[in-house]
Each structure stands twice: as structure tokens, then as C-alpha cells.
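In what follows, a structure is listed as C-alpha cells, so that the remarks can point back to it.
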Amino acid sequence: MFQTGDYIIYGNNGVCRVESVGTIDMIPGIPKDKIYYTLKPLYIKGSTIYTPVDNQKVLIRPLISREEAMELIDGAEEIETLWITNEKQREEIYKEELATCDCKELIKIIKTVYQRMQSRLAEGKKMTNNDRKYFKMAQDSLYGELAIVLDMEKEKVEEFITERMQQKA
């Protein structure tokens, strides 16, 4: 069970801070004997989430460690891309990968869309709306988590990753 002050991943809401753990008396209709997390999403302003601690419907996990984050960044080059030619199938795969909240899967999406974008630009085509949408969602999720564990602003994460990968090359 997570404690007050912990940072966690709560499904597609991304990084959340556990504000409290306990019963909720202020909302009518919620059982008084059930224990809930009160969560504040870091990157969704003005939002509060109340979820049972035994929630099985939404993925809840701790953040990766700083060491895991550095290993992830250092190993990003080796992470495979997703090559699916069917647009509908690609969107389903993107959705499935995002739902795992797994950093490696998020990198797969980012790398895949980036490579697709480069290929389409070379052909004189624009990035598809679906690619744009899932690229942003994957970046937001990944960079949000990395920002917390690496103790930096979310806007600085992409630059940090790029510089680190260039140093390795």
C-alpha cells in the first residue's frame, strides 16, 4: 500500500501524488468502511482522484527508480519499434501499449512515430493525426515520470535524453 506523499503512476493520468489514504466522508454514496487513495495528478491541474486502494480496474504502480530511469535512457537505442502497416491496427497497438504504463512500451511508441514521421516527411507527407496524438500521449507519460525520478522539469527531459544519448555515441 502506498503512503501519503508517495508518487505513483495511476493509469493514463500519469504521475500522481498520494495526498491521503483512508476513508472518505465528504462524498455521499461512498462506503464509509472502504479505504481510498486521494490522488493529485501532477500534470492535470485542478484534478483530484479518489480510488479504492484495492482498485483492480486501473493500473497503479510505483515510479521507476532513478537507476532504472538511467538504464532505460541508456538502453533506448536497443528498444525495438512497432511496425504495423494497418492504420486501425496501429492505433489499437498504441492504445494497448499506453495502457501498460510501461516506460519501455512508451519509448517504442515514441520511436515508432518519430521514424514514421521522418519517413512521411521524406515522401512529402504530413504526420497523421493519430501518430501525433499517441506521440504526445507517450511523451507526456514518459517525460512526466522521468522528470520526477530525475528531479528536473518535465520540459527539460527530452533535452536531457538527447544529450545523454549523444554522449554515449
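The figures that follow rest on heavy atoms only: side chains count, while hydrogens, waters and symmetry mates do not. A quick note: this is a predicted structure, and the numbers were derived from the prediction, not measured. Sequence positions, counted from 1, serve as the residue numbers for this chain.
- Taken to the nearest 0.5 Å, the CG atom of L98 stands 6.0 Å off from the CG atom of L106.
- Residues Q118 and Q115 are not in side-chain contact: their nearest non-hydrogen atoms beyond the backbone lie 4.5 Å or more apart.
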Next on the checklist: If you apply the rule side-chain contact (heavy atoms from CB on, under 4.5 Å), what do you find for Y143 with I161, and how did you get there?
Outcome noted: CA-CA 10 Å; Y143 296 171; I161 292 170; 3.8 Å; yes
Checklist entry - Does the pair T51 and L39 meet the rule for a side-chain contact (heavy atoms from CB on, under 4.5 Å), with working shown? => result CA-CA 8 Å; T51 186; L39 306 174; 3.9 Å; yes
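- For the pair E91 and K88, the salt-bridge criterion is not met [side-chain N within less than 4.0 Å of a carboxylate O].
- Residues P62 and F2 meet the side-chain proximity criterion, which asks for heavy atoms closer than 4.5 Å.
- If you check the side chains of T48 and K40, you find a donor sitting under 3.5 Å from an acceptor.
- Counted by atom type alone, W83 and T81 present one or more donor-acceptor pairs between their side chains at under 3.5 Å.
- Rounding to the nearest 0.5 angstrom, the gap separating the OG1 atom in T112 from the CE atom in M117 is 12.0 Å.
- Take R120 and apply the side chain to side chain donor-acceptor pair (under 3.5 Å) test, not counting sequence neighbours, and it matches no residue.
- In the hydrophobic cluster analysis, where Ile, Leu, Val, Met, Phe, Trp and Tyr join through side-chain heavy atoms closer than 4.5 angstrom, F160 is grouped together with L72.
- Taking hydrophobic clusters as Ile, Leu, Val, Met, Phe, Trp and Tyr residues chained together by side-chain heavy-atom distances below 4.5 Å, Y114 shares a cluster with V157.
- Side-chain contact between D74 and R164: present, with at least one pair of heavy atoms (C-beta onward) separated by less than 4.5 Å.
- At a threshold of 4.5 Å between non-hydrogen side-chain atoms, the residues R90 and L82 do not count as touching.
- Taking all atoms of both residues into account, the shortest heavy-atom contact from I8 to L63 is C-CD2, 3.9 Å.
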Item to check | Pair M70-L150, side-chain contact (heavy atoms from CB on, under 4.5 Å): steps then yes or no | outcome: CA-CA 9 Å; M70 296 307 284; L150 298 174; 3.7 Å; yes
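- Note that the CG atom of L146 and the CD atom of Q139 stand 11.5 Å from one another [nearest 0.5 Å].
- The shortest distance between side-chain heavy atoms of V21 and M1 falls below 4.5 Å.
- When V113, T128, N130 are each tested for a side chain to side chain contact (heavy atoms under 4.5 Å, CB included) with F135, only one passes: V113.
- In this structure, I109 CD1 and T100 OG1 are separated by 7.5 Å, a value rounded to the nearest 0.5 Å.
- Using a 4.5 Å cut-off between side-chain heavy atoms of Ile, Leu, Val, Met, Phe, Trp and Tyr, with links allowed through other members, I60 and L42 fall into different hydrophobic clusters.
- Residue Y36 comes nearest to V53 through the heavy atom pair C-CG1, 4.0 Å, listed as atom of the first residue, atom of the second, then distance.
- Residue pairs meeting the side-chain hydrogen bond (donor to acceptor under 3.5 Å, both in side chains) criterion with at least one member in residues 144-161, sequence neighbours excluded: R61-E145.
- The CD1 atom of I64 sits 10.0 Å away from atom NZ of K104, with the distance rounded to the nearest 0.5 Å.
- By the 4.5 Å heavy-atom criterion applied to side chains, Y134 and M137 are counted as neighbours.
- For E123, the CD atom sits in a packed shell: over 12 heavy atoms of surrounding residues, nucleotides or ligands are nearer than 6.0 Å.
- Salt bridge annotation for E68-R66: absent, with no cationic side-chain nitrogen under 4.0 angstrom from a carboxylate oxygen.
- The closest side-chain heavy-atom distance from V18 to T38 is not below 4.5 Å.
- Closest of all the heavy-atom pairs between G11 and C101 is O-SG, 3.5 Å.
- The two residues T4 and S20 have their closest heavy-atom pair at OG1-CA, 3.5 Å.
- Between the side chains of N55 and Y37, no donor-acceptor pair of N or O atoms lies under 3.5 Å.
- In the hydrophobic cluster analysis, where Ile, Leu, Val, Met, Phe, Trp and Tyr join through side-chain heavy atoms closer than 4.5 angstrom, M127 is grouped together with L121.
- Considering only heavy atoms from C-beta on, D140 stays 4.5 Å or farther from Y43 through its side chain.
- With values rounded to the nearest 0.5 angstrom, C16 atom SG is found 12.0 Å from D6 atom CG.
- With hydrophobic clusters built from ILVMFWY side chains whose heavy atoms lie under 4.5 angstrom apart, V149 shares a cluster with M165.
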